[in-house]
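All figures in this text were calculated on a predicted structure; none of them were measured in a lab. Naming: A, B, ... by sequence-line order, numbering from 1 per chain.
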2 protein chains.
Amino acid sequence: MKKIIRSTNDLLLAVLMGGLSIFLLLSKKIITGVENGLAAAIGLGKRTNNILQGAFFALTKVIPMDLAIEDMKKNNYNSYFKKAGQKIVDMNNQAVDLGVQASVKVEIPAAWADATDEPVAEPKNMTPFVRDIVMPLDKQQGDKLPVSVFQKYGVLDGTWENGTSVYSKRGVATKVPKWNPDACIQCNRCSMCCPHAAIRPVLLTDEEKAGVPDSFVTAPAKGLGKDAPKYNFRMQLSPYDCLGCGVCLTACPAKDALTWAPFEEMKSEQPLFDDVAMNESYLKKDVISDKSVKNVQFAKPYFQFSAACAGCAETTYIKLLSQLFGDRMYVGNAAGCSSAISGGAPILPYCRDCKGHGPAWEHSLFEDNAEFAFGFYHAQDAIRKELLIRIEALKNAGVAAEEAAAYLADWNDREKSREVSDALIAALEKAEQTDEVKYILDNREFLAKKSVWAVGGDGWAYDIGFGGIDHVMAQNQDVNLLVLDTEVYSNTGGQSSKATPTSATAKFAASGKKVAKKDLGAILMQYGYVYVAQVAMGADQAQTLKALREAESYDGPSIVICYCPCLEQHIKAGMGTSQDEMKKAVECGYWHLYRYDPRRIAEGKNPFQLDSKEPDTDKVMDFLMGENRFASLKNNFPDKADALYAKEVEDVKARYERYKKLAED
Amino acid sequence: MKKIIRSTNDLLLAVLMGGLSIFLLLSKKIITGVENGLAAAIGLGKRTNNILQGAFFALTKVIPMDLAIEDMKKNNYNSYFKKAGQKIVDMNNQAVDLGVQASVKVEIPAAWADATDEPVAEPKNMTPFVRDIVMPLDKQQGDKLPVSVFQKYGVLDGTWENGTSVYSKRGVATKVPKWNPDACIQCNRCSMCCPHAAIRPVLLTDEEKAGVPDSFVTAPAKGLGKDAPKYNFRMQLSPYDCLGCGVCLTACPAKDALTWAPFEEMKSEQPLFDDVAMNESYLKKDVISDKSVKNVQFAKPYFQFSAACAGCAETTYIKLLSQLFGDRMYVGNAAGCSSAISGGAPILPYCRDCKGHGPAWEHSLFEDNAEFAFGFYHAQDAIRKELLIRIEALKNAGVAAEEAAAYLADWNDREKSREVSDALIAALEKAEQTDEVKYILDNREFLAKKSVWAVGGDGWAYDIGFGGIDHVMAQNQDVNLLVLDTEVYSNTGGQSSKATPTSATAKFAASGKKVAKKDLGAILMQYGYVYVAQVAMGADQAQTLKALREAESYDGPSIVICYCPCLEQHIKAGMGTSQDEMKKAVECGYWHLYRYDPRRIAEGKNPFQLDSKEPDTDKVMDFLMGENRFASLKNNFPDKADALYAKEVEDVKARYERYKKLAED
C-alpha cells in the first residue's frame with residue numbers, strides 16, 4: 001500500500017470520500033491501466049468515469065444494480081445528449097455496462113493490514129523557503145503555518161520564490177513518450193510543443209557524456225551546421241512531469257521517433273532529466289539561437305511543469321516566450337487560465353537560472369492588465385533613465401570609466417545590454433563604495449534591458465481588458481502583449497467572449513453565437529504603429545517563433561494573438577490533438593497566420609504579410625464538426641444550426657478575403 | 001440702475017467682487033459696447049479683459065499706476081506668450097494702455113441713489129414644478145428649498161421636468177443677426193448650424209399670417225416644390241436666446257440676408273419668436289422632412305437654448321438629432337461638455353412637444369455610457385416585447401382588434417409606429433378597463449418605436465468609454481452613438497485624448513502630441529456590421545443629415561463621429577467661425593467625410609463611401625497655424641515643432657490614402 005498511497009493526505013482524502021476510497025486508491029495505477037484500455041476500445045479515449053462508476057456500484061452494491069444502471073444511464077443522457085449527441089450517450093452507456101461486468105478482483109496481500117507510511121522522500125535541493133513554506137502548503141498544511149514564517153522570508157507582501165514547480169513531481173500519466181535515438185531527426189518539434197516543458201533536447205560533448213550515466217543514450221547531433229562541434233544529442237523526457245497528453249507524438253514528423261511506453265517502465269529516467277537535461281552547465285551557447293525552432297529548443301525554459309491541463313496550448317506559447325526572453329522578462333498576467341497556471345501558489349512554474357535571472361511575474365485583473373504591464377514598463381524605464389544619469393556621472397568622474405562608457409553605448413541593446421551590465425557591476429564591485437556606486441549596485445537588477453509582456457486570454461484581450469489594451473497600444477511605447485485565444489472564457493467555465501465565433505456554443509451563447517468573432521488584430525492594425533501577429537504553433541512553429549521574435553524586437557507596441565485549442569472547445573479527438581487541431585484550423589481558413597510589421601512601411605514594403613497558405617474552405621464544416629462547441633448546436637437547436645453554420649462559413653471566407661486584399665495592397 | 005442690475009443676486013455678486021462692482025455693473029451694456037469696439041479695433045475681437053482691467057486701475061487708483069501697468073503687462077506675457085506668441089502679448093499690452101487712457105465718465109443720475117429693484121417679471125406659462133423648484137434654483141435659492149417640495153413633485157430620484165431652458169432668457173449678446181427677407185434665399189443653413197436653436201424658419205398660411213403681429217414680416221416661401229401650398233416664410237431670431245456668436249452669418253450663402261444689429265434694436269422681436277416661431281400649431285407637416293437641410297429645419301428642435309459656449313459645434317449636432325428623432329429618443333450622455341450642457345439642472349435644454357413627447361435623457365459616466373444606453377435599449381425592448389404578447393392576446397380576444405392588428409403589423413416601423421400606437425391607445429381608452437388593457441395603457445409610452453442614442457465627446461468615445469463602445473457595437477443591436485469630437489477633453493479643461501492629433505498641444509501633451517489621432521471609425525469598421533460615419537456640419541450640412549438619417553435607420557449598431565471645433569482648440573479667428581473651421585479642415589484633408597453602410601454589402605456595393613473631395617494637403621499647415629493648439633507649439637518648443645508638424649502632415653496624408661483605397665476597393 002505504501003507504494004500506492006503516497007501521503008497521509010491521500011488517505012485522509014480517501015476516507016472523506018467514504019466507501020469509494022480503498023477501491024479507487026487501489027485502482028490508482030492498476031485499474032487506470034485496465035479501464036484506460038477498456039475506454040479506448042469503445043472509443044472513449046481516456047474518459048473512464050463511467051467504467052469506474054459501473055465497477056464501483058457492481059462491487060459495493062450500495063443500491064440495487066437495476067436502479068444504479070438506470071440512474072447512471074439517465075445521467076449520461078442529461079450530461080451528454082445536448083453537448084454531444086446520442087452516439088456519445090450510447091458509448092457512455094456501453095462504458096457503464098463494461099464497468100459493471102469488467103471489475104477485476106485484486107488480492108490484497110495480508111501484510112498490507114499492518115502497512116505504515118514510509119517517510120516521504122523530500123525533494124532534493126530545497127531552499128529554506130521551499131522547505132518551510134512551499135512544502136507545507138503543498139501538503140495542505142498551510143493553515144498551520146504561523147505568520148512569523150512568512151515574515152521571516154519577507155513575503156508578507158505576496159512575493160514568492162519562483163520555480164517551485166520543480167518540487168511537484170506528480171507522475172500522473174499512465175503512459176508517456178519514449179524516445180528512439182535512431183528514428184529521431186532531431187527537429188525538436190516535440191520539445192517546442194510540449195505544454196509542460198517535460199521533454200527537452202540535450203547536447204553533450206564527448207567529455208560531458210563520459211560524466212553522465214550510461215543510460216543517457218545519445219545519437220550523434222545533426223543539423224547544427226558544418227562548423228558546429230561534435231555533440232551528442234538526446235531528447236530527454238521527465239516522466240514525472242509528463243501528463244501523457246501525447247501532443248509531442250502528434251507533432252513528431254519522424255516515424256516512431258516517439259512511441260508510447262508505460263510510466264512504470266519510463267519512470268527510472270527521471271534522474272536523467274533532473275541531473276542532466278536540467279543541468280544548466282550543459283547548455284550550449286554556441287547552438288542556442290532564436291532563429292530556428294530547432295535551435296531555440298536548446299535554450300532553458302523559464303516556465304516549466306505548470307499545473308495546466310494535459311495538452312494545453314497556452315503554456316506552449318508562454319514556455320517559448322520564456323526561452324526567448326526569460327532572463328529579462330517582466331510579465332503582467334490577466335486573470336484567467338494563464339494566471340491560474342502561472343501563479344497558483346505554492347507551485348510556481350516561472351523559474352530562474354543559476355545566475356538568479358528569470359521572469360518577474362505578477363497577476364493583475366481582467367480589466368487592467370495591459371495598463372498594469374504598462375506600469376512595469378514605465379517603472380523600469382524611469383529607474384533605468386535615472387541610472388543612466390548616474391553612470392554618466394561616474395564615467396565623467398573616472399570611476400569604472402571604460403565599463404560605464406560601454407554600458408552607456410549599449411544599455412538598451414537587446415543583445416549586448418546584459419553583457420555590459422555584468423561588466424559594469426563587476427567593475428563597480430571592485431571600486432570604492434561611494435553613495436553613487438552603491439546606488440547603482442542596489443539597482444543592478446534594472447541595468448539590463450527588460451522585455452515587458454502583458455499576457456492573458458481572450459476574455460481579457462477581446463472583452464474586459466480591451467479598453468486598456470487599446471489605450472496601451474495607442475501610446476506607442478515598447479510593451480508587448482501575448483493573447484492566448486481559446487475563443488471562450490476558459491478558466492471561469494466557458495462563457496462566450498467576443499473572440500467566440502459564429503455558431504459556437506458557450507455559456508451566454510447556448511443557442512450558438514450570433515455575431516462573428518471580433519478581429520482584434522485588424523482593429524489594432526488601424527493604428528499603423530502597432531506590431532500585430534496571429535499565430536498557431538501547431539500549424540507553423542517557425543512562424544510562431546518569428547512572430548514572437550519580431551514582436552519583441554520592435555521598439556514599439558506589439559501584440560501576438562495565439563490560437564489555443566482548449567478543453568472548453570470540446571475537441572472530439574481530445575486534447576492530445578491540440579497541435580493538430582491548430583493545423584486543421586489554418587488549413588481550412590478558420591484561423592490565419594499573419595504578421596503586420598510597421599517597420600516595413602519605412603522600407604516601402606507592405607506591412608502586412610499573410611503567412612498561411614490559401615485555405616481550403618470546403619473543409620470548414622469538417623473542422624467545426626470535429627469540436628463539440630460547434631457540433632452540439634445541431635443537437636440542441638436543429639432548426640437554427642444550419643443557418644448559423646452557414647454564417648460562420650461566410651464569416652471565415654470574408655475574413656480570408658480581407659486578409660488577402662491586405663496582403664496584396 | 002434697475003435696468004442694469006436685474007436681480008439682487010447680481011448685486012450680491014457685485015458686492016462680493018469688491019470695489020470692481022459698480023464700475024463693472026455700470027459697464028454691462030454701456031461699456032461692453034465701447035470696449036467691444038476698442039478691442040475689435042486692435043484685433044482682439046471680443047476679448048475685452050485687458051481694456052476693462054486697465055480702465056479699472058486707472059479709475060480706482062488702488063495701486064500706483066506704474067506698478068499696475070507693469071504687473072498687467074507681465075501677466076500678459078505669462079498668459080499669452082507660450083500659447084500665442086509675442087504678437088498677441090503686444091496686442092494685449094496695447095489693450096492695457098487703451099483701457100488706462102480710454103475710460104469714459106458716465107454721469108450717474110442722482111435718482112439712482114434711491115433706486116429699488118422692480119419686481120422681476122415672471123416667465124410666462126410656468127408649470128408648478130418650474131415655479132416651485134426651477135425658478136428658486138435659478139436664482140441660487142436652491143438651498144432654501146425643503147425636501148418636501150421635491151417629494152411633492154416626485155423628483156427625489158433625480159428625475160426632472162425637461163424644457164426648462166425656455167425660461168432662462170439671458171440676453172447676453174450685444175449684437176445679434178437681423179434677417180433681410182428680400183436677400184434671403186430660404187436655404188435654412190443658418191438655422192441648421194445655430195448652436196442654440198435661436199434662429200428658426202417659420203411657414204405661415206395667409207390666414208395664419210393675418211393672426212400674428214404685423215411686425216412678423218415675411219417673404220413668399222420658395223423652393224418647397226411646385227405642389228406646395230402658398231406659404232409665407234420668415235427666419236425668426238430669438239434675441240434673448242442668441243449668444244451673438246455669428247456662425248449663422250458665416251454659414252449664410254446669400255449676401256446680406258443676415259447682418260449684425262444691436263441687441264437693443266432687436267430685442268423687441270422676442271415675442272415674435274416666443275409666440276409665433278415656437279408655436280407648434282404652425283408647424284407644417286407637409287413640408288417637414290428628413291430628406292433635405294432646408295426641409296428638416298422646419299421641424300421642432302427638441303433641444304434648445306442650452307448653456308453651451310457661443311459658437312459651440314456640439315449642440316448643432318444634438319439639435320439636429322432632436323429634430324429628426326426627438327419625439328422618440330432615448331439618450332444616454334457621457335460625462336463631458338455635452339452632459340453639462342444637456343443636464344445642468346435646473347436649466348434643461350431637452351424639451352417636449354405639446355403631446356408630451358420628447359427625448360428621455362440621462363447622464364452616465366465616462367466609462368460606461370455606451371453600456372448605459374445599451375441598457376436603455378434592452379429595457380424598452382423587453383417591455384415592448386411583453387406588450388406585443390399582450391396586444392396579440394387582446395386582438396385574439398376581440399378587444400380593439402383592428403387597432404391591435406395594425407399595431408402588430410407596424411409596431412417596429414419608424415414611420416408608422418407612432419400612428420398605430422396612438423390609434424391603439426385611443427381604442428383602448430374606450431374599451432373595458434380590464435387588467436390587460438390597463439397594463440398596456442400604463443405602458444403606453446413604450447408603444448412607439450424608440451431611437452436609442454449614446455452621446456458624448458472624444459474623451460468618452462476614444463478613451464475612457466471606448467471599451468464599452470467596442471462591446472456595445474460588437475453586439476449587433478440597434479443602438480446609435482453620436483461622438484462629438486473636439487479632439488481634446490474639453491469640459492475638464494483641455495487634456496489630451498486619443499483623438500488629439502500629432503503636434504496639437506494639450507494638458508498631458510504640453511510639448512505636442514507625439515502619436516497620430518486614433519482612427520475610431522476605421523477601428524469600428526472592422527466589425528463589418530457597424531454603420532460608421534464621419535461628418536462635419538460646417539463642411540457639408542447635407543452629408544451630416546444623411547449620415548444621421550442612415551445611422552438611425554440601420555437596424556444595427558451605428559456610430560457617427562462629428563467634428564466639433566471648440567474653445568479648447570483656441571481657433572485664432574474665434575468661435576464665430578466654428579462652422580467655417582470645419583470647412584477648412586475638410587478642404588485640406590485634416591478631417592474626412594465618409595459613410596460606411598453595412599447594408600450596401602448585401603447589394604454588392606462597397607460599403608465605404610468617401611463623401612469629401614480630394615483634399616488640398618498643401619493647406620494643412622495653414623489650417624494648423626489658424627489654431628493656437630497647434631501654433632503655440634512653435635513658441636514653446638521651437639526646436640521640436642517643425643518635426644511634429646511634418647509628422648502631422650504625413651499622418652493627414654496617410655489617412656487620406658487609406659480612405660481613398662477603401663473607397664476604391
Side-chain angles (χ1 to χ4, degrees), chain A residues 366-368 370-371 460-477 496-500 502 508-509 513-530 532 556-557 598 601-602 606-607 647 650-651 654-655 657-662 664-665, chain B residues 366-368 370-371 460-477 496-500 502 508-509 513-530 532 556-557 598 601-602 606-607 647 650-651 654-655 657-662 664-665:
Chain A
F366 260 136
E367 63 265 35
D368 64 6
E371 298 93 313
W460 162 61
Y462 287 70
D463 278 11
I464 302 177
F466 174 64
I469 284 182
D470 172 75
H471 190 70
V472 171
M473 294 285 94
Q475 306 310 312
N476 202 14
Q477 300 292 319
S496 171
S497 82
K498 286 200 282 296
T500 306
T502 307
F508 303 132
K513 178 98 176 296
K514 300 296 180 294
V515 296
K517 179 184 177 77
K518 170 177 173 176
D519 195 338
L520 179 62
I523 285 172
L524 291 171
M525 275 181 233
Q526 303 308 312
Y527 281 103
Y529 51 78
V530 177
V532 184
I601 299 171
N606 184 344
K647 180 172 182 308
E650 284 312 306
D651 289 351
R655 200 154 52 228
E657 288 306 318
R658 287 203 305 275
Y659 291 151
K660 204 168 115 182
K661 195 168 277 174
L662 271 181
E664 283 165 1
D665 276 350
Chain B
F366 260 137
E367 63 265 35
D368 65 7
E371 299 92 313
W460 162 61
Y462 287 72
D463 276 11
I464 302 177
F466 174 65
I469 283 181
D470 172 77
H471 191 70
V472 171
M473 294 287 94
Q475 306 311 311
N476 202 15
Q477 300 291 318
S496 171
S497 83
K498 287 201 281 295
T500 307
T502 306
F508 303 134
K513 177 100 175 296
K514 302 294 180 296
V515 297
K517 180 183 175 79
K518 171 176 173 177
D519 195 338
L520 179 62
I523 286 172
L524 291 170
M525 276 180 229
Q526 303 308 313
Y527 281 104
Y529 51 78
V530 177
V532 184
I601 299 171
N606 184 345
K647 182 175 182 302
E650 283 312 304
D651 289 351
R655 200 154 54 229
E657 288 306 316
R658 289 203 304 275
Y659 291 150
K660 204 168 114 180
K661 195 167 275 175
L662 271 180
E664 282 166 1
D665 275 351

What closest approach, in Å, do [X] and [Y] show between heavy atoms, and which atom pair accounts for it?
X      : Y      : result
A:P557 : A:N476 : CD-OD1, 3.3 Å
A:D470 : B:Y462 : OD2-O, 4.0 Å
B:S497 : B:K513 : O-NZ, 3.5 Å
B:V515 : A:Q475 : CG1-O, 4.2 Å
B:F466 : A:F466 : CE2-CE2, 3.2 Å

Note: A:K647-A:D651 ion pair, threshold 4.0 Å (strictly below)
yes
Side chain, backbone, both or neither of A:K514 within contact of chain B (heavy atoms, under 4.5 Å)
neither
Where does A:Y529 contact chain B at under 4.5 Å (heavy atoms): side chain, backbone, both or neither?
side chain
For B:K661 and B:E657, run side chain to side chain contact (heavy atoms under 4.5 Å, CB included): C-alpha distance rounded to whole Å, both residues' side-chain angles, the deciding distance at 0.1 Å, then the answer.
CA-CA 6 Å; B:K661 195 167 275 175; B:E657 288 306 316; over 6 Å; no
Working to the nearest 0.5 Å, report the span between CD1 of A:I469 and CD1 of A:I464.
11.5 Å
Of all of A:H471, A:K498, A:E367, A:R658, which one pairs up most often with chain B through heavy atoms under 4.5 Å apart?
A:K498
Using a heavy-atom distance cut-off of less than 4.5 Å, which residues of residues 517-527 of chain A contact chain B?
A:K518, A:A522, A:I523, A:Q526, A:Y527
Let's test your reading of the structure: which of B:A516, B:G528, B:G468, B:A474 forms the most heavy-atom pairs below 4.5 Å with chain A?
B:A474
